[in-house]
S.K.: 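The structure follows.
A, B, ... follow the sequence lines: proteins, then strands. Residue 1 opens every chain.
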Amino acid sequence: MRLSQLFFTTLRDDPADAEMPSHRLLVRAGYVRQLGAGIYSLLPLGFRVAKRVEQVIREEMDGIGCQELEMPVVHPADLWRESGRYDSIGPEMARFKDRAGRDMVLAMTHEEVVADLLRDIVRSYRQLPLMVYHFQTKFRDEPRSRGGLIRVREFVMKDSYSCDLDTAGLDVSYEKHYEAYSRIFERLGLRAIAVASDVGMMGGSAAHEFMVLNPAGEDELVLCEACGFSANRQVAKARVSEPPAEESLPLEEVATPGAATIADLAAFLEISPERTAKAIFLVDGTGRLVTAVVRGDMDVNETKLANTVKATVFRPAQPEEIRAAGMWPGYASPIGAHDTLVVVDELVARSSNLVAGANREGFHLRNVNAGRDYTPDVVADIVAAREGDGCPSCGAPVSIRNGIEVGNIFKLGTKYTQALGATYLGEDGNRHPIVMGSYGIGVGRAVACIVEAHHDVKGIAWPEQVAPYAAHLVSIGGAREPKVQAVARRLHDAAAAAGREVLWDDRDESPGVKLTDAELLGMPRIVTISPRSLAAGGVEVTVRATGDRSIEPVEAVEAWLTRS
RNA sequence: CGGGGCGUGGCGCAGCUUGGUAGCGCGCAUCGUUCGGGACGAUGAGGUCGGAGGUUCAAAUCCUCUCGCCCCGACCA
């Protein structure tokens, strides 16, 4: 491909709205262009990268016996009504009516379609197990897109679905995906770590997310260097030293004027925050007030809390709502509370003689003991793991890092097949729901993560497996140097003839421009052809990632470019 | 949805406070010189100042509304 013909342009300046390296470089080097918030075009270079990423994924999916197909982007709303998600999913799903007035949706995912296909096609246990996948555009109207290609609203995802007779079969399919994903990210040049994750609104029994560490990542991971434990902070258990066993002391009210925060309270009473209990008030989707009680030095993990009380969404409670339940914001505790669900963290339940609110402005109570002074409705692990807490597996201190989710695998179970009636007739003569798993990888996000991991101040440095072209020929001297032109054309044409197209910067630009652009674009090898290199015996080959350069005979480079 | 910021030629920006002929750098076009690290000279093209309404003799500039984009938060297979 001649650069003079390529539909692209490089930018000398960083685009004003790009912050992450991947965003800046992909725009600046002419790989992508933004159309709207979270909506991007892939230019020819970007498209080639995406195709190569897809090919890696395709090979690994095919390798585990997953069959490629294609399912629609536009779905009748009725299909989503059958699974119940038409109503349970919020405004992030785009809805519209067709000309006949039928409700339609833009697909966010394809569990329903798979289940619909299964109920059409699968009759007997002999037809299972089965795995299918496709690459398809998804539209999710995220409340906030950000970070260039990292978080977008429209994107291509590889999603696959396993369909098994039972959960034992699901375990096998899940494991196959786990292994395939590990190989995929390895091949893509991504150091992805699998972390246990929340199953969220997808339902199901187990899930892993494949995460790439990145300071700008939106997920928080709890990692243990000692034993390799890893989990999403949303679900990670924290091991904290056991509270001292003490005799319960009598309740004692103490004036704490102005001490409405844990920090103020601890300072005022000259005690450690560990000796206090704090109450957090949330209202769930049904309007129920949830009072969560954790130790003063810890924070509530809303995901854990939501799973504990079977809530889907929370909002912070208003002060009036808290007072209506018999508690006083700033000086609150569940003592004497009513009309609220009291959820107490395990650690608080096991602690003795904590300081907690008196539900009276300016007063706290010493020696509060759960069970004696108030009755928890639920006792559960609801706190967020902290940096330095004990690893739940080995006890060593954990660290907390940000990560970007590049893939996920879910054990779905029978949620969708039951709702849609996708069943098979078993060996036992009975009808059973098919057991599903679902597995996703965002292609564009993977591309962005590869750039995050493979770039320097000069530009991108693609791993060979995903580079849009294996080599970038830079001819120096232009039309004045027929020998240079001839060698460049020979290499370019030979590679093209061998089906291994290379990029050739044949533009009439100064050497500085061409070399700078070559480094920005990031092909694995930059081949410089100039009077100087020819005089030295060939062409100069620079390894983009390392900067290593050497003069190679033209024949050797030609052989390398054309080998299959 | 809450908070903050920004919309001026393809890109990056100044001009706005204090209304009065729209500017700079890069890029682009033509010609000439140059040619291994973002060259130089000359000439030139290109802008409804996001949009609508208002104030005014006069609006990029002041006022109102509106659209879009970015960042933080909330949210999120």
Side-chain angles (χ1 to χ4, degrees), chain A residues 9-20 23-24 27-28 30 33-39 85 88-93 107-111 138 140-148 150-153 155 157 159-161 197-204 207-210 216 218-219 232 234 282 285 302-303 306 312-316 405-412 415-416 437-442 445 458-459 474-481 484 505 507-520 526 528-536 539-540 542 549 551:
Chain A
T9 188
T10 55
L11 301 177
R12 196 171 284 216
D13 301 305
D14 279 332
D17 55 8
E19 304 218 329
M20 292 184 73
H23 189 195
R24 272 177 23 232
V27 172
R28 210 150 79 75
R33 199 99 325 174
Q34 181 170 7
L35 181 61
I39 307 177
R85 288 162 114 189
S88 67
I89 293 179
E92 63 267 29
M93 182 156 72
M108 302 174 62
T109 174
H110 286 77
E111 282 80 11
K138 317 280 178 196
R140 296 181 190 174
D141 195 356
E142 298 285 351
R144 185 184 156 209
S145 53
R146 67 190 100 186
I150 297 291
R151 186 168 197 72
V152 293
R153 296 193 295 168
F155 56 98
M157 172 177 267
D159 41 327
S160 45
Y161 302 89
S197 67
D198 182 40
V199 294
M201 61 171 288
M202 295 294 295
H208 282 85
E209 292 165 335
F210 286 79
E218 299 174 86
D219 286 281
N232 194 307
Q234 290 180 327
L282 298 164
E302 285 194 26
T303 304
T312 51
V313 288
F314 281 126
R315 64 169 172 84
E405 180 187 347
V406 288
N408 57 43
I409 55 178
F410 270 84
K411 291 187 183 178
L412 282 180
K415 175 175 172 179
Y416 298 94
S438 91
Y439 317 87
I441 296 177
R445 184 180 284 186
K458 293 173 174 176
V474 177
S475 54
I476 287 173
R480 297 177 329 284
E481 299 289 347
V484 167
D505 193 345
R507 298 175 300 173
D508 184 21
E509 291 287 352
S510 71
V513 171
K514 289 186 171 192
L515 292 168
T516 311
D517 272 353
E519 283 157 342
L520 176 61
I526 298 171
T528 310
I529 306 127
S530 68
R532 193 203 283 177
S533 76
L534 293 179
V539 299
E540 183 184 78
T542 306
R549 55 180 68 183
I551 298 288

S.K.: With a 4.0 Å cut-off on heavy atoms, is A:Asp14 in touch with a base, just the backbone sugar-phosphate, or nothing at all?
M.R.: sugar-phosphate

S.K.: Look through every strand shown and name the nucleotide pairing with B:U34 as Watson-Crick or G-U wobble, where both distances are under 3.5 Å.
M.R.: none

S.K.: Taking the side chain of A:Glu302 as its heavy atoms from C-beta onward, which of B:C75, B:G36, B:A77 lies nearest to it?
M.R.: B:C75

S.K.: If you only use heavy atoms from C-beta on, which nucleotide in B:G25, B:G36, B:G38 is closest to the side chain of A:Thr528?
M.R.: B:G36

S.K.: Does some side-chain heavy atom of A:Glu405 sit less than 4.5 Å from a side-chain heavy atom of A:Arg445?
M.R.: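 A:Arg445 vs A:Glu405: side chains touch.
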
S.K.: Using every non-hydrogen atom in the two residues, find where A:Arg24 and A:Pro15 come nearest and quote the distance to one decimal.
M.R.: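 That closest heavy-atom pairing would be O-CD, 4.2 Å.
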
S.K.: Nearest 0.5 angstrom please: A:Asp141 CG to A:Ile89 CD1, how far?
M.R.: 12.5 Å

S.K.: Checking contacts here: which listed nucleotide (B:C11, B:A77, B:G38) is nearest the side-chain heavy atoms of A:Thr109?
M.R.: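 Selected nucleotide (nearest to the side chain): B:A77.
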
S.K.: Categorize A:Arg33 for me: base, sugar-phosphate, or nothing, with a 4.0 angstrom heavy-atom threshold over every strand shown.
M.R.: nothing

S.K.: Taking the side chain of A:Arg28 as its heavy atoms from C-beta onward, which of B:G25, B:G38, B:C35 lies nearest to it?
M.R.: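 Closest nucleotide among those given: B:G38.
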
S.K.: What's the gap between B:G38 and B:C28 when it is taken at their P atoms, as a whole Å value?
M.R.: 16 Å

S.K.: Of the candidate nucleotides B:G37, B:A77, B:C75, which contains the atom at the shortest distance from the side chain of A:Met157?
M.R.: B:A77

S.K.: Using atom C1' in both nucleotides, what's the gap between B:U48 and B:G53 to the nearest angstrom?
M.R.: 16 Å

S.K.: To the nearest Å, how far apart are A:Arg532 CZ and B:G37 P?
M.R.: 7 Å

S.K.: Taking the side chain of A:Ser533 as its heavy atoms from C-beta onward, which of B:G36, B:A77, B:G38 lies nearest to it?
M.R.: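 Output: B:G36.
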
S.K.: Would you compute the distance between atom CZ of A:Arg28 and atom CG of A:Asp13 and round it to the nearest 0.5 angstrom?
M.R.: 8.0 Å

S.K.: Detail all sub-3.5 Å separations between protein N/O atoms and N/O atoms belonging to nucleotides 27-31 of chain B.
M.R.:
unit_1: B:G27; atom_1: OP1; unit_2: A:Arg12; atom_2: NH2; d: 3.4

S.K.: What's the gap between B:U17 and B:U61 when it is taken at their C1' atoms, as a whole Å value?
M.R.: 10 Å

S.K.: Can you check the distance between B:C40 and B:C35, where both ends of the measurement are the P atom (answer in whole Å)?
M.R.: 14 Å

S.K.: My understanding is that a pair needs two contacts under 3.5 Å, Watson-Crick or G-U wobble. By that rule, which nucleotide pairs with B:U56?
M.R.: none

S.K.: Would you mind telling me which residue lines up with the more 5' stretch of RNA chain B, A:Ile551 or A:Glu209, judged by nearest nucleotide?
M.R.: A:Ile551

S.K.: Contact between A:Arg85 and A:Glu111 at the side-chain level, heavy atoms closer than 4.5 Å - yes or no?
M.R.: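 Yes. Closest side-chain heavy atoms under 4.5 Å.
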
S.K.: Pick base, sugar-phosphate or nothing for A:Arg315, based on heavy-atom distances below 4.0 Å to the nucleic acid.
M.R.: nothing

S.K.: Polar pairs (N or O, both sides) under 3.5 Å between protein and nucleotides 67-71 of chain B?
M.R.:
unit_1: B:C69; atom_1: OP1; unit_2: A:Ala37; atom_2: N; d: 2.7
unit_1: B:C69; atom_1: O3'; unit_2: A:Gln34; atom_2: NE2; d: 3.3
unit_1: B:C70; atom_1: OP1; unit_2: A:Gln34; atom_2: NE2; d: 2.9
unit_1: B:C71; atom_1: OP1; unit_2: A:Gly147; atom_2: N; d: 3.3

S.K.: Return the nucleotide paired to B:G46: Watson-Crick means purine N1 to pyrimidine N3 with N6-O4 or O6-N4, wobble means G-U with N1-O2 and O6-N3, both under 3.5 Å.
M.R.: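 With both distances under 3.5 Å required, B:G46 matches none.
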
S.K.: Looking at every heavy atom in both A:Ser533 and A:Glu540, which two are closest together, and how far apart are they?
M.R.: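 It is CB-N, 4.0 Å.
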
S.K.: Does A:Arg140 contact B:A77 through a side-chain donor or acceptor facing the base, at a distance under 3.5 Å?
M.R.: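 Check passes, donor-acceptor contact within cut-off.
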
S.K.: What interatomic distance, in whole Å, is found between P of B:C63 and the corresponding atom of B:C26?
M.R.: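 Going atom to atom, P in each nucleotide, I get 35 Å.
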
S.K.: Watson-Crick or G-U wobble partner for B:C65, using a 3.5 Å limit on both distances?
M.R.: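 Paired with B:C65, as far as the under-3.5 Å criterion goes, is B:G51.
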
S.K.: Do A:Ser438 and A:Asp159 pass the side-chain contact (heavy atoms from CB on, under 4.5 Å) test, and can you show the C-alpha distance, the side-chain angles, and the key distance before you say yes or no?
M.R.: CA-CA 7 Å; A:Ser438 91; A:Asp159 41 327; over 6 Å; no

S.K.: Among the candidates B:G38, B:A77, B:G36, find the nucleotide nearest to the side-chain atoms of A:Asp517.
M.R.: B:G38

S.K.: Could you work out the separation of B:G50 and B:G68 based on their P atoms and round it to a whole Å?
M.R.: 16 Å

S.K.: Determine whether A:Asp17 and A:Gln34 make a side-chain contact, defined as any pair of heavy atoms from C-beta on separated by less than 4.5 Å.
M.R.: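 Yes, close enough: below the 4.5 Å cut-off.
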
S.K.: In whole Å, measure the gap between the P atoms of B:A39 and B:C69 for me.
M.R.: 36 Å

S.K.: Take atom P in B:C6 and the same atom in B:C62, then report the distance between them in whole Å.
M.R.: 12 Å

S.K.: Pair A:Lys514, A:Ser475 - check side-chain contact (heavy atoms from CB on, under 4.5 Å), show working.
M.R.: CA-CA 9 Å; A:Lys514 289 186 171 192; A:Ser475 54; 3.7 Å; yes

S.K.: Report yes or no: does A:Lys138 contribute a side-chain atom to a donor-acceptor pair with the main-chain N or O of A:Met157 at less than 3.5 Å?
M.R.: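 Flag not set: sc A:Lys138 to bb A:Met157 has no pair under 3.5 Å.
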
S.K.: What is the separation between atom CZ on A:Phe314 and atom P on B:C75, rounded to the nearest whole Å?
M.R.: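 The distance from CZ of A:Phe314 to P of B:C75 comes to 10 Å, rounded to the nearest Å.
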
S.K.: My understanding is that a pair needs two contacts under 3.5 Å, Watson-Crick or G-U wobble. By that rule, which nucleotide pairs with B:G25?
M.R.: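 Answer to the pairing question: B:C11, which forms a Watson-Crick or G-U pair with B:G25.
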
S.K.: So, is A:Ser510 close to the B:A39 phosphate, meaning a side-chain N or O under 4.0 Å from OP1 or OP2?
M.R.: yes

S.K.: Under the side-chain contact (heavy atoms from CB on, under 4.5 Å) criterion, do A:Arg140 and A:Thr109 qualify, and how do the steps go?
M.R.: CA-CA 9 Å; A:Arg140 296 181 190 174; A:Thr109 174; 4.2 Å; yes

S.K.: My understanding is that a pair needs two contacts under 3.5 Å, Watson-Crick or G-U wobble. By that rule, which nucleotide pairs with B:C75?
M.R.: none

